[in-house]
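Notes to accompany the following structure.
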Amino acid sequence: MAQISLNNLAHSYYPNPKEQSDFALKQIDYDWQDGGAYALLGPSGCGKTTLLNLISGLLSPSTGEILFDKTDVTGLSTEQRNIAQVFQFPVIYDTMTVEQNLAFPLANRGVQKSEIDKRVSDMLMTLGLQEKAKRRARGLSADEKQKISLGRGLVRYDVNAILFDEPLTVIDPHMKWQLRTKLKELHKQFGNTMIYVTHDQTEALTFADKVVVMYDGEVVQIGTPEELFEQPAHTFVGYFIGSPGMNILPVDVSGNLARLGDHQIHLNKSYSNLDGKIELGVRPEFVRIVDKAQNLTSAIPLSIVAVEDIGRSKIVRGEINGVSINALVAEDANIPLEAFVEFDVDRICIYNDAHLVEGSF
Amino acid sequence: MDKPVNNKAWFFVLPVFFLVAISAIIPLMTVVNYSVQDTFGNNQFFWAGTEWFKEILHSERFHSALVRNLIFSFIILLIEIPLGIVVALSMPRKGFWVPVCLILMALPLLIPWNVVGTIWQIFGRADIGLLGNTLVGLGVNYNYATNWFDAWATIILMDVWHWTSLVVLLCYAGLVSIPEAYYQAARIDGASKWKVFRYIQLPKLHRVLLIAVLLRFMDSFMIYTEPFVLTGGGPGNSTTFLSIDLVKTAIGQFDLGPAAAMSIIYFLIILLLSWVFFTVMTHYGADNNKTESGHDS
Amino acid sequence: MLELINVSKRVGSQLHIDNVSMTLESGSLNVLLGPTLAGKTSLMRLMAGLDKPTTGEIRVSGVNVVGKKVSKRNVAMVYQQFINYPAFSVYDNIASPMRLAGVDKKTLDTKVREAAELLKLTDYLDRTPLNLSGGQQQRTAIARALVKGAELVLLDEPLANLDYKLREELRVELPRIFAESGAIFVYATTEPQEALLLGGNTATLSQGRITQFDKTINIYNNPGDLTTAQTFADPPLNTAQVNNVDGALHYGEDRLGTVSNNISNGQYTVALRPHHVSLQRTDAYSMRIRATVGTSEITGSETFIHVHTNNNQWVVLAHGIHRMESGEQIDLYLNPQKYYLFDENQTLVQAPDNPAPAQSVADHQQSEAH
């Protein structure tokens, strides 16, 4: 187990990168705390897998260095870094039994037979695979195979980190819940540093203590799930996290007043000297649909485009002055004929050229 | 799976039926016809029943040719399969050298059998051949025309040179289809090169190896042109394989009945052995196929 | 109209499709929902005519088409993998089925541009598929399926290989695109959320059988049996085996409340969605049970708490952020009005009071949008 530090790390797949756009991973400086659960979240091509491969040593960086507990490992191979990795598609040794699969990394490292037996039987218990110990691994279901891949890392008690590359891609929704919970339990139990790459926000937020959101080779925000939800540092984070994502509305802001076309929205903070593109962000969860009868001064008329019943809630899709806006309302909520929207003023974020700006009281 | 029946499809198959009938079934029937009759020329035939079959099955000459064939095929498989795997493993996976290697590998396969025979016949000659002359110059008493061991060695060498490429190409195709994640996982698990081969590459090559073994077995069991061109079955009978013996019997001695019976027996042996190979190897990987071909929902 | 009448498909000793009967109307969107190996792909192959049913009939507009070739059937299919002609431009990819059908140049051009507009591909018509993102590649494949003018369009988990966010966007757009075409759409997915977002009708599949076929939201609200309810639940349903004694539900030591008198005594299964279990008492009817926390997962605005109660594994979806330690004892409050009750044959005997139907304006606008 180790703290993993990235110093000025950057990577380009070109031999002589010249411009910023040549880099698949633009410069990153970050310390991954020992025993932390991290997620790298972003759309495909954002550089998250590149970063994972740099940490595991499958790629070597164009610039910068990687330290494990202050020791420079930049030049070390995957084997020497002593990490474990679970891949998108389950990798198991087809001809071996479940037991032999789990014993394999230990046997390769010359661990004593009695110690191997003990650890393997403990691990079978932990993973709930005791009954299948003697079965050929290739006959198992996808989620069991992923458990074995994970188990091969966990039996080595001394791994510096366990890396996951979209491990739930081939797992059915119901099994995803079980496997995810299992991962979480194992993290608690073993205390390994875990880094989990995914494009699925639910997986990232539920798994990690800290989520690293990446976009176009850059880290746009690192934060706890609450921070990412409540204070997205960038409009991309607002859009990417949450379903549906944050409503981003073009506005003019002066002081504590935001203007959306003819409508005014009172803010609880005041903003000064903003120039560039100004946008107001508010999550669908914090958009209330109100009746005209309630006649609140702050309410803005909404023309409803569609109401989607998605079971436990409804998505109201509408437009204000031709700008589309979504609201998330309770499953048994009534949608009034003449609808107005109102924003939860404490949950409004203001963005200047896509970056969050702090207001003052 | 049963697909919707389309009767028009039969029209497309008809030409093939026609060709197969002319090229295989009718000759085969003629052979069967000869095998149960005797003739003294003049197109007069007499019923001989199973006599020729009995004669062949009890013939010393047939037995020794069959044993020669079996030993030959065994040696060929023993050399070409491992050699093919080793060469495929050492070929580059990407970059400039991939097409170069592939073309070099494919070259021997493009050369006709009798040309291969002729090349090696000259190559191995003690007086003017590069190989023969060099060996003799090194003090080796090499002569494929008089020494049975030299003759065998030359024929085996020739076959290995000619056909190992096929095994290489098949294995190479199998190897490149293994996802990169398997190698990465093995590195992370600290597996040695040998273990990567034993637990990842070999299991994944299982199917192409089945094809390689079958093809190389059938082909080597039917070997004819090369020894015919090189040694003509000699020295003595040391390289007289079944096919050469068959031709000697049929065309050299004009014993049509025994030759026909022999070719039927020969045919049945190949069929039987191929079936045995196939069953053993597919059975071994039966549950493997099930999971890998298991389609989604 | 596509009708399947007692269709079964046997491969070797395995029954892949077990006596399926269903009628799909023109212009409808039909979701096939079920886990991997439930028979979704097998059923689609039968509908397309790629496979022949072992028994049963498949009728298109009342005519039996079993045995009719796929190429004669006017079917289009979109797969999980993005299948396009790699050497063709997006324009030529979309145009290809019409070129094969010999459509005149002018009509072809109009139709390709219409489809491209609908699928937001207008700016990419000159590119080849390999220079597109995954989402654009799949849009191209969908556009090609649409311009073919097929009576039946089959989509087999078309969004499974796309990023989560792209999926979300396409899910919103697809119903609108489908509605403009008028063909019968069949859409296979493993994800309940996807079915709900697409709307239309849903058929839930389990082990080759269709367990229910109805309007999507109706199945979600009124699953006919426990299997259907579990297939249509993400996060999974919480279940408890209870004993009904004169209207009182006994769950081990706990009581889970009362049910109406016309439900006879005996064993039942109570099922409850995770967001109907709360950490605070919400009203006077709430029933309290004790639970032990396993793990908790925070999604940003909500918390999933995995708990054990009387040997059952439950999930609670609680509003807000709750950090709980593993092993902690907590109280859970259940609202009996939100119970699904299944009898010993796993048939639904009671569903929650349906949420108040959305008012007419919303309904109207919803149907217009779909």
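Predicted, not measured: the structure shown is a model, and the values here were computed from it. First the proteins, then the strands, lettered A, B, ... as listed; each starts at 1.
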For a quick test of reading the model, state the closest non-hydrogen atom pair linking C:L334 to C:P336 and the distance between them. O-CD, 3.3 Å
Identify which part of A:L228 has an atom lying under 4.5 Å from any heavy atom of chain C, answering side chain, backbone, both or neither.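 Neither; nothing under 4.5 Å.
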Taking non-hydrogen atoms and a cut-off under 4.5 angstrom, which of residues 170-180 of chain A neighbour chain C? A:D172, A:P173, A:H174, A:W177, A:R180
Under 4.5 Å, heavy atom to heavy atom: which of residues 199-214 of chain A reach chain C? Give them by number, or say none. A:H199, A:D200, A:Q201, A:T202, A:L205, A:T206
Sequence neighbours excluded, which residues qualify as ring pair (Phe, Tyr, Trp, His ring centres under 6.0 Å) partners of A:Y38? A:W32
List in chain and number order the residues that pass ring pair (Phe, Tyr, Trp, His ring centres under 6.0 Å) with C:Y333, two or more places apart in sequence or in another chain; answer none if no residue qualifies.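 Expected list: none.
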Would you compute the distance between atom [atom1] of [X] and atom [atom2] of [Y] and round it to the nearest 0.5 angstrom?
X: C:Y220; Y: C:L33; atom1: OH; atom2: CG; answer: 12.5 Å
X: C:T228; Y: C:N222; atom1: OG1; atom2: CG; answer: 11.5 Å
X: A:I241; Y: A:E227; atom1: CD1; atom2: CD; answer: 11.0 Å

Salt bridge or not between [X] and [Y]? Use side-chain N to carboxylate O under 4.0 Å.
X: A:R347; Y: A:E230; result: yes
X: A:K188; Y: C:E325; result: no
X: C:K120; Y: C:E173; result: yes
X: C:E168; Y: C:K165; result: yes
X: C:E302; Y: A:R312; result: yes
X: A:E308; Y: C:R171; result: no

Please identify, among C:P235, C:P274, C:S296, C:P236, the residue contributing the most non-hydrogen atom pairs under 4.5 Å to chain A.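 Looking at each option in turn, the highest pair count goes to C:P235.
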Select, from C:L162, C:V172, C:V315, the one with the greatest count of heavy-atom pairs under 4.5 Å involving chain A.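 It is C:V172.
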Find out whether C:T202 and C:N30 are in side-chain contact, i.e. whether some heavy atom of one side chain is under 4.5 Å from a heavy atom of the other.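 Not in contact.
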Segment of [X] engaging chain A (4.5 angstrom heavy-atom cut-off):
X: C:E169; result: side chain
X: C:T216; result: neither
X: C:I321; result: side chain
X: C:L166; result: neither
X: C:T231; result: backbone

